[in-house]
Amino acid sequence: MNRIVEKEFFSENVVKLVVEAPLIAKARKPGNFVILRVSENGERIPLTIAGADVEKGTITLIAQKVGVSTEKLAALNVGDSLIDLVGPLGKATDIHKVGTVLCCGGGVGVAPLLPIVEGFKKAGNRVVSVLAARSKDLIILEDEVRKWSDEVIVMTDDGSHGRKGLVTQGAEEVILREKIDECIAIGPAIMMKFTSLLTKKYNIPTQASLNAMMVDGTGMCGACRVSVGGKTKFTCVDGPEFDAHQIDFDELMMRLGGYKSEEKEAFEIYNKMLDCKI
Amino acid sequence: MTTYTEYLKERREQEWREELRKKLKGKERTDQPRVHMPEVDPNERVKSQTVEVNLGLGREEAIKEASRCMDCVNPTCIEGCPVGINIPEFIKNIEREEFSLAAKTLKMYNALPAVCGRVCPQEKQCESKCFYTIKLNKPAVAIGYLERFAADWERESGSMDVPQCAPSNGIKVAAVGSGPSSLSFAGDMVKLGYDVTVFEALHEIGGVLKYGIPEFRLPNRMVDVELDILKKMGVKFVTNFIVGRTASFEQLKEEGFKGFFVGSGAGLPRFMNIPGENYNGIMSSNEYLTRVNLMGANNDEFDTPVLRGKNVAVIGGGNTAMDSVRTAKRLGAERAMIVYRRSRVEMPARVEEVKHAEEEGVEFLNLTNPIEYFADEKGRVNKMRLQLMELGEPDASGRRSPVEIPGATQDIDVDLVIVAVGVSPNPLIPASLPDLKVSRWGTIEVNDGMQSSIPVLFAGGDIVRGGATVILAMGDGRNAAKSMHEYLSDQKD
Ligand SMILES: Cc1cc2nc3c(=O)[nH]c(=O)nc-3n(C[C@H](O)[C@H](O)[C@H](O)COP(=O)(O)OP(=O)(O)OC[C@H]3O[C@@H](n4cnc5c(N)ncnc54)[C@H](O)[C@@H]3O)c2cc1C
Ligand code: SF4
Ligand code: FES
């Protein structure tokens, strides 16, 4: 169970894992996520399902190394198994035919975006995708996104791939050029915040998928709470997608920083442990 | 058919009980003081999250305490026990040193006596109806301590045997969730010959017994022993499986499951919706206790972190609040405070937990209610504003309701706040079953036999009652097993 059958590094810090999970593969829908644990003493890590193969009974996960737990995850190899894997969690994306959809993905946010791009395309929409990252090697899944998009615009901060600039610049060009009926934004909180401000200016309905901090992922703890339209919601059961124009992104960013010092400390301990082993 | 009263009378007339009653005069029994539970010193125990506070009665203490019980003609204590344990019989078995029979008597009605002996609110149940309480105005027989003694003795002496199960009938049934309601359901069904699978969403079995109640009050091994026995009896446990998400009820039916018991608990924490409640350093008791009890955040060898605080305020007056505040103390809080809007007498927590909290140096800010939080520039809570309250008229629950003293507020410094103001039913199951009848509060509606509006689906515990108790959850599981068995037997004919 939960065996890793494929592993690929997209960049030094971004890894793709294909994991055996036949039930989840069958039940998952775009927008759903899983929670996994790497080892007996490990944390519960939420990761969006980037894709699934029902026949092979596998799901695809993409993780960025950000702390001890994701570091340990990235250190697993093909043939290893995750000790725990549960899902699919969260509400599925509301995919329907609207006309033209603008899909904006930042960094590893492109991973959860991919099944949504695919879904909207299959539902008969025109899909324009804007992928953004700091530099070329951080742009992931470009070919896969291309497969399901009518057009893909790549933006990098340093101009090492596609055009130089931020996701909002690419997005605004498209908005000024053609009628956009809906927008999806997934990426770092700051990227979603500015994309949301942009689409609000043009009155385009926008969904953002939030990467809140989680523990159980089943609505039991409230670690993942966010303010949407002035009301507290639990990202894991009420989301992860919400009406971006209603989300309090500043609060989200503040909450994401809540465990910074504890995480840093844990990371230092972990690195020391590794040093000892060598 | 004999009624339960007749059965109790017959049991009381057994020769050994007659003899035992004659052994001591009434006054010799009632003159003895109630036994004291030996405890670990408060200064010692606050250093550890896992050292159990109560040490349990020794053999002699237990026998002596058992001899206080009058073996009444009309044992009113039984009326106070939600599952109707034959209390005098188990206690008299302790008095005559038949500890294993005492444990067997308990287990006829209570699948988890080692757990209930530790966590039941005895002072509101059996002990409140004890002859000593109602007629003599003396401290009740320590029924809870004795229950714990018998169960612990059985476990520690290794004489805990695996109950006999009927030959397999090949009928598959499922329990959703692995809290006390599902465990007792599973135990009864496997004894009747069913093929039972328990599905649990988390990575550990036990529900609140594992992720909620801390080890200093209920050691995990108490639960693990019971799980081992259930496994030996043939119950299958599947973790990381959310019924309704990982697979639907329909899919499980296709796989041959004929009956379902939903014991999914009241998992959803409530918040107060006051300004600043989403600042960092403010979390639900579920989050706090889960991080520590389930994820091991108090231990460096585990990866999950938990925020520590110097000045910790816990909002609420229930068991969850006491567990949280005592956990905070154990994680190094200098000030660990209970903020409760009523007064001490209205607190729903077990009396013993309040006593233990006090001994451990917890401060009680009673008759106060938070109305706003403030934070530093990084968003970490650093202050809370309390509204001072006084007691007014009794409300629907019979408790005097707290009313605000106009204009009276107080600010206190806090760097960690745990909100323990109650839970709502877990909506996962109702959301996946549109035909299921639920109440206005989201609890599943059931008949006397715990059967829901969907005939193959039974439910019990907190998902039916809202936040309740371990013993009620366990009783529901038993009741549901009995009626599901009847229902499935009728279906076969
Ligand atoms: C901190 C704390 C202290 C307490 N102290 C006491 C006490 O001292 N005395 C007392 O009597 N009571 C106490 N209680 C209350 C008592 O624990 C509960 O009433 C009791 O555990 C309820 O049991 P249950 O079987 O209904 O469900 P729970 O114990 O709540 O278990 C439900 C389980 O179901 C799982 N689940 C939910 N949905 C699904 C799904 N769809 N698929 C699979 N699994 C699912 C959950 O993950 C959970 O593990 C306390 C509660 C808490 C939180
Ligand atoms: S189960 Fe609870 S109420 Fe019943 S006898 Fe034991 S302690 Fe008392
Ligand atoms: S992660 Fe615990 S409620 Fe959402």
Side-chain angles (χ1 to χ4, degrees), chain A residues 1-2 21 23-24 26-28 32 34-45 67-69 72 82-90 215-227 231-232 234 237 248 250-263 265-266 269-270, chain B residues 200-204 208 211-212 239-242 244-248 251 264-273 277-291 294-297 299-308 375 377-381 419 423-424 426-428 431:
Chain A
M1 258 206 320
N2 312 338
L23 287 174
I24 301 175
K26 205 162 130 195
R28 72 97 206 195
N32 286 151
V34 291
I35 288 215
L36 59 86
R37 285 203 315 151
V38 177
S39 58
E40 199 49 68
N41 297 351
E43 253 181 303
R44 292 172 67 92
I45 315 170
V68 177
S69 298
K72 286 184 181 171
L82 303 168
I83 185 163
D84 294 300
L85 176 66
V86 62
L89 298 161
V215 180
D216 60 297
T218 64
M220 198 182 85
C221 76
C224 62
R225 61 198 196 275
V226 289
S227 294
K231 290 215 174 68
T232 295
F234 288 5
V237 284
D248 184 342
D250 294 332
E251 183 189 273
L252 174 73
M253 285 186 267
M254 174 210 61
R255 288 186 60 79
L256 284 170
Y259 271 92
K260 276 275 151 61
S261 56
E262 282 75 9
E263 276 163 11
E265 199 179 304
I269 295 175
Y270 175 69
Chain B
E200 168 56 51
L202 293 173
H203 59 266
E204 276 248 6
V208 171
Y211 76 71
T239 50
N240 297 316
F241 194 110
I242 307 181
R245 304 301 308 251
T246 310
S248 64
Q251 279 171 288
S264 53
L268 232 58
R270 275 193 226 130
F271 287 90
M272 297 173 67
N273 296 315
E277 207 175 20
N278 288 347
Y279 283 136
N280 287 324
I282 305 179
M283 67 180 100
S284 74
S285 51
N286 267 9
E287 177 179 351
Y288 190 57
L289 293 172
T290 302
R291 282 181 184 271
L294 183 72
M295 307 305 300
N299 187 329
D300 274 351
E301 283 165 32
F302 289 72
D303 296 339
T304 304
V306 67
L307 293 177
R308 313 240 170 172
E377 69 286 356
K378 283 193 193 138
R380 174 85 183 243
V381 67
V419 183
V423 282
S424 305
N426 189 321
L428 276 171

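Residue numbers begin at 1 in each chain, while the letters A, B, ... track the order of the sequences. Note: hydrogens, waters and symmetry copies are ignored here, and every other heavy atom, side chains too, is used.
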**Asked** Checking B/Tyr279 against chain A: side chain, backbone, both or neither under 4.5 Å from a heavy atom?
**Response**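 For B/Tyr279, backbone and side chain are both near chain A.
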
**Contacting region of B/Leu428 [heavy-atom separation from chain A under 4.5 Å]** =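 The answer is the side chain of B/Leu428.
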
**Item:** When A/Ala21, A/Pro88, A/Ser227, A/Cys221 are compared by non-hydrogen pairs under 4.5 Å with chain B, the top option
**Value:**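 Top count of heavy-atom pairs under 4.5 Å with chain B: A/Cys221.
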
Structural part of [X] lying under 4.5 Å from a heavy atom of chain B:
| X | value |
| --- | --- |
| A/Asp248 | neither |
| A/Leu85 | backbone |
| A/Lys26 | side chain |
| A/Leu89 | both |

Check whether any side-chain heavy atom of [X] lies under 4.5 Å from a side-chain heavy atom of [Y], and answer yes or no.
| X | Y | result |
| --- | --- | --- |
| A/Val237 | B/Pro427 | no |
| B/His203 | A/Ile83 | no |
| B/Thr304 | A/Val215 | no |
| B/Asn273 | A/Thr232 | yes |
| B/Asn240 | A/Met1 | no |
| B/Pro269 | A/Phe234 | yes |

**Request:** Go through the steps to decide whether B/Met295 and A/Arg37 satisfy the test side chain to side chain contact (heavy atoms under 4.5 Å, CB included), and finish with yes or no.
**Result:** CA-CA 11 Å; B/Met295 307 305 300; A/Arg37 285 203 315 151; 4.0 Å; yes

Where [X] and [Y] come nearest, the two heavy atoms and their spacing:
| X | Y | result |
| --- | --- | --- |
| B/Thr246 | A/Gly87 | OG1-O, 2.8 Å |
| A/Ala27 | B/Arg245 | CB-O, 3.5 Å |
| A/Gly257 | B/Asn280 | C-ND2, 4.4 Å |
| A/Glu43 | B/Pro305 | OE2-CD, 3.6 Å |

**Prompt:** Do you see a donor-acceptor pair shorter than 3.5 Å between the side chains of A/Arg225 and B/Asn278?
**Reply:**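 Note: A/Arg225 and B/Asn278 side chains meet the donor-acceptor criterion.
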
**Request:** Could you verify whether a donor N or O on one side chain and an acceptor N or O on the other, from A/Asp216 and B/Thr290, lie under 3.5 Å apart?
**Result:**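 On atom types as modelled, these side chains do not qualify, holding no pair under 3.5 Å.
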
**Request:** Spell out, as yes or no, whether a donor-acceptor pair under 3.5 Å connects the side chain of B/Asn426 to the backbone of A/Met220.
**Result:**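 No.
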
**Message:** Among residues at least two apart in sequence or on other chains, which ones pass ring-ring contact (aromatic ring centres under 6.0 Å, His included) with B/Phe241?
**Reply:**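 Checked B/Phe241 against ring-ring contact (aromatic ring centres under 6.0 Å, His included); matches are B/Phe199.
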
**Asked** Out of curiosity, B/Ile242 CD1 to A/Ile24 CD1, how far, rounded to the nearest 0.5 Å?
**Response**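 Output value for this atom pair is 8.5 Å.
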
